[in-house]
Amino acid sequence: MNEKYDVAVVGAGPAGSIAARAAARSGAKVLLLDKRHELGVPVQCGEALGEDVLRELRVKPDSRWAVHKVNVAKIVSPSGIAVYMSEKAAGGKIGYILDRKIFDKHLATLAADAGSDIRVGTVVDGLLSDGGKVRGVRARGPNGRTEVCADVIIAADGVMSRVARWAGINTVLKLDDLESGAQFQMVGIEFESPTTMEYYLSSKLAPGGYVWIFPKGKDMANVGLGVLASRAEHRPIDYLRNFVNSRPNLQKGRVIEINAGGVPVGGPVKETVRDGLIIVGDAARHVNPLTGGGIDYAMRAGDIAGEVAAKAVAEGNTSKKRLSEYQRRWMKLFGKRLGKYLKAKNVIINFSDAELDELAEAVQGVKFERISLSALLRVLIKSHPKLLWKLRGPM
Amino acid sequence: MKVDASTCMRCGACASVCPLNLIEVSDAQVKVGDKCTDCGACAKACPVGAIEIERKI
Ligand SMILES: Cc1cc2nc3c(=O)[nH]c(=O)nc-3n(C[C@H](O)[C@H](O)[C@H](O)COP(=O)(O)OP(=O)(O)OC[C@H]3O[C@@H](n4cnc5c(N)ncnc54)[C@H](O)[C@@H]3O)c2cc1C
């Protein structure tokens, strides 16, 4: 079979579905493909998302998928010193814990409502190209093999990022740039407060990463961790079991879901456009290297990508030069910020547990009026000259 | 490399670090191209330890 679309989007995660919605809204004929038979499943995510991106991209929060609200972050040092950041009661920002199984389907529905075609259970396993220019994808699905020609391919294929590599852009991750993560969704547990996200830092609990507890109800939470693949001495899932077994408040709970996944934490890829190709979201490593959060950036990048792709098709010019509008816009929107967090991560993951304790002690009493990573970094730098010295430069 | 299908969660962490882009992960299976050199990166990346490397002696 041979088909023709203006824009083909590979991967229907947050990046791909928002890209498909944006491209279809801008008038393009769009096909969204995903290898998954059920979008959003299996979950590979802690499911925490700030409200800003939903508001800005006009995705109206719905209790079916924005299942829980949080407004406090508690960060715990290796020896147990806690630093709190709270949103103000009035006018503070809402943090959501999502249900990605519903959320991802909802975003795909928005793409469909905008006019995009969708094909699930369909693996893209190669590119069609023409003298260096990408002109389509090869795929296999429930109805056999197909070739889809498209003027622009949007690679939203997540952490694996194979599409970009077929096009000659090296997105392979070094083990130093991959957080390998495991998570239990647990019920029947106790924690400090159902509105507090907890983060635990320690080379013993999670070398080069951290443990999180993100509440999803009064006795239910995502309990997970990421460890740097180059530093892990055990399987991430074993670190997680150890953590859970060492905490009386978790020990007595039950695991109703096991999740796993990789998070790219080496900063964005340098080249995110080629003739006829745009790379978005995890595939472009659009992830905060310090926290591992990527849903927000994936959606924002997808929105820009879809719009630029559709405009380029309408103008009859899908060259790298034309598509570089996308690269300029995501760089301006969040590229510098990710660069700053990458730098901070590279310093912080090399701190010893004793140094982390010192840092926590130094900022313990500070009253943060927002959950803000950059505010936290600023205070850390002020109160700890060694960090300032290590981070000196364009922060 | 050998993948234990019952342990594997199809997350794709292995594919993200494969220097030769040989790993395809789908709902049904993990397929590995025949040029695999058993470098072991995938096994280190796997969150659940589903990958075994058989060292050729
Ligand atoms: C353990 C863990 C915890 C995390 N916690 C958080 C968190 O709390 N908050 C946060 O913001 N981020 C978190 N992240 C990161 C977040 O999950 C990602 O950044 C986000 O999902 C990226 O969206 P995406 O659309 O780029 O990719 P994905 O959501 O990964 O979507 C990619 C899609 O492409 C499809 N696909 C891939 N290859 C092909 C192919 N060849 N053919 C067809 N389809 C294909 C996949 O099936 C998938 O549906 C976490 C990640 C992990 C692993």
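Below, read A as the first sequence line, B as the second, and so on, with proteins coming before strands; counting in each chain starts at 1.
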Per-residue contact mode, A:Asn259 against chain B (heavy atom under 4.5 angstrom): backbone

Gap separating the OG atom of B:Ser16 from the CZ atom of A:Arg165, nearest 0.5 angstrom: 8.5 Å

Per-residue contact mode, B:Cys14 against chain A (heavy atom under 4.5 angstrom): neither

Which portion of A:Leu240 sits near chain B, non-hydrogen atoms under 4.5 angstrom: neither

Nearest atoms (heavy-atom pairs only) where A:Pro236 meets B:Pro47: CD-O, 3.2 Å

Nearest atoms (heavy-atom pairs only) where A:Val172 meets B:Cys18: CG2-O, 3.6 Å

Largest heavy-atom contact set with chain B, pairs under 4.5 Å, which of A:His234, A:Glu179, A:Lys35: A:Lys35

Proximity breakdown for A:Arg231 and chain B, heavy-atom pairs closer than 4.5 Å: neither

Residue pair A:Pro42 / B:Met9: nearest heavy atoms and the distance that separates them: CG-O, 4.0 Å

Contact origin within A:Ala260 toward chain B - heavy atom pairs under 4.5 Å: both

Where A:Ser180 and B:Ala45 come nearest, the two heavy atoms and their spacing: OG-O, 2.7 Å

A:Ile237 CD1 to B:Cys46 SG distance, which is reported to the nearest 0.5 Å: 9.5 Å

B:Ala41 versus A:Leu175, closest heavy-atom pair with distance: O-CD2, 3.7 Å

Chain B contact via A:Arg285 - side chain, backbone, both or neither, heavy atoms under 4.5 Å: side chain

A:Lys105 atom NZ, neighbour heavy-atom count above 12 within 6.0 Å: yes

Distance (rounded to the nearest 0.5 Å) between A:Asp34 CG and B:Asp27 CG: 8.5 Å

A:Val159 portion near chain B, given a 4.5 angstrom heavy-atom threshold: both

B:Ile23 backbone acceptor or donor facing A:Arg162 side chain under 3.5 Å: yes

Nearest atoms (heavy-atom pairs only) where A:Gln44 meets B:Arg10: NE2-O, 3.5 Å

